[in-house]
Amino acid sequence: MAYTPVELRHVALKKGLLGYRKESVDELLGEVASNFEDVWRERADLADRVEALEAELLRHRERENLLSNTLLAAERSAAESKEDAARKSEQLVAEAHAEARQITRSAIAERERLLAEIRRIKALLRSALDVVDEGERMPAPSEPAEERRESWPARKDDTREFDAPRPSLHLSSEPKDAHSA
């Protein structure tokens, strides 16, 4: 029979001639020692269990700290990546705008150059037509008027339009005699 501390305080031992009876005291002490051994073992088991739980708790806290640090590092890395991507995209857009402005300026300059070339060619053609017109009005003394008309194309009503140039069959750099062809 297991005794509680309260029960032990209220145990009534049988008394004998010179005090308590030895058999009842020995029996009580044996039961108390047995109960004390059980409690001592249970206490040691519980102490081992507490130690194991504290070690497990420590491992869980270390994992929690590691996960927390990893999460913070990942969040920082994601924020840095996002900022870096935003910076790079802004830089690319700025470079694209600069390149577009450069292309536009080049196109405008090329257009102006071509327009100036067109004006120059028109002026040359007008002056050539003026020379032809003057030549038709005044025949040269050394060349009959009929030959001059055959060597120059006939002028159309609108001086701005001409026939398409005929492709040259000879592409050499040496000048050819006009009558040998």
Side-chain angles (χ1 to χ4, degrees), residues 39-140 143 145-181:
V39 168
W40 193 263
R41 264 189 248 111
E42 186 177 330
R43 182 186 163 277
D45 290 344
L46 289 174
D48 290 344
R49 177 82 173 127
V50 166
E51 189 178 315
L53 288 173
E54 285 176 348
E56 187 175 338
L57 178 63
L58 183 62
R59 281 194 312 273
H60 286 297
R61 284 185 179 159
E62 288 173 354
R63 285 183 185 164
E64 179 185 10
N65 286 338
L66 180 63
L67 288 173
S68 176
N69 290 340
T70 304
L71 180 62
L72 288 175
E75 287 174 351
R76 266 185 260 137
S77 176
E80 288 172 2
S81 296
K82 187 176 179 181
E83 290 172 4
D84 188 42
R87 253 190 325 271
K88 285 182 180 178
S89 68
E90 288 174 5
Q91 182 182 5
L92 285 173
V93 167
E95 289 174 0
H97 283 293
E99 188 174 344
R101 285 190 297 272
Q102 178 61 33
I103 289 171
T104 303
R105 282 193 295 268
S106 297
I108 290 171
E110 181 66 15
R111 178 178 174 261
E112 292 299 321
R113 186 190 68 75
L114 290 173
L115 288 174
E117 184 68 17
I118 289 170
R119 286 190 294 272
R120 186 184 70 79
I121 291 172
K122 281 183 179 180
L124 287 173
L125 287 174
R126 283 191 187 111
S127 66
L129 287 174
D130 289 343
V131 168
V132 169
D133 284 344
E134 287 176 18
E136 286 180 356
R137 287 187 220 131
M138 291 180 27
E143 189 178 324
E146 292 297 323
E147 289 180 15
R148 277 197 316 263
R149 281 194 186 125
E150 290 176 10
S151 64
W152 287 93
R155 182 173 176 192
K156 295 191 178 195
D157 293 334
D158 187 1
T159 59
R160 291 177 289 165
E161 296 183 20
F162 297 95
D163 291 333
R166 294 186 188 125
S168 175
L169 297 176
H170 301 288
L171 299 176
S172 68
S173 60
E174 297 177 16
K176 295 267 182 177
D177 188 20
H179 297 294
S180 65

- Item | Approximate separation, where rounding is to 0.5 Å, of Leu92 CG and Lys88 NZ | 9.0 Å
- Nearest 0.5 Å, what's the CD-OG1 distance between Gln102 and Thr104? 9.0 Å
- Query: Roughly how far, to the nearest 0.5 Å, is CD of Glu134 from CG of Leu129?
  - Reply: 11.5 Å
- Say you draw a straight line from CD of Glu56 to CZ of Arg49; how long is it, rounded to the nearest 0.5 Å? 7.5 Å
- Task: For the pair Glu110 and Arg113, evaluate salt bridge (Lys or Arg N to Asp or Glu O under 4.0 Å) and give the outcome as yes or no after the intermediate values.
- Result: CA-CA 5 Å; Glu110 181 66 15; Arg113 186 190 68 75; 2.6 Å; yes
- Heavy atoms from other residues, nucleotides or ligands near CD of Glu95 exceed 12 (cutoff 6.0 Å): yes
- Task: Would you indicate whether Glu75, at its atom CD, is surrounded by more than 12 heavy atoms from other residues, nucleotides or ligands within a distance under 6.0 Å?
- Result: yes
- Query: Is the closest basic N to carboxylate O distance between Glu117 and Arg120 below 4.0 Å?
  - Reply: yes
- Task: Ignoring hydrogens and angles, tell me if any N or O in the side chain of Ser89 forms a donor-acceptor pair with the backbone of Ala85 under 3.5 Å.
- Result: yes
- If you measure from CZ on Arg111 to CD1 on Ile118, what distance do you get to the nearest 0.5 Å? 9.5 Å
- Item | Over 12 non-hydrogen atoms of neighbours within 6.0 angstrom of CZ in Arg105 | yes
- Is a donor on one side and an acceptor on the other found under 3.5 Å between the side chain of Ser77 and the backbone of Ala73? no
- Message: Distance check, rounded to the nearest 0.5 Å: Leu66 atom CG versus Leu71 atom CG?
- Response: 11.0 Å
- Task: Answer yes or no: are there more than 12 heavy-atom neighbours, outside Glu99 itself, under 6.0 Å from its atom CD?
- Result: no
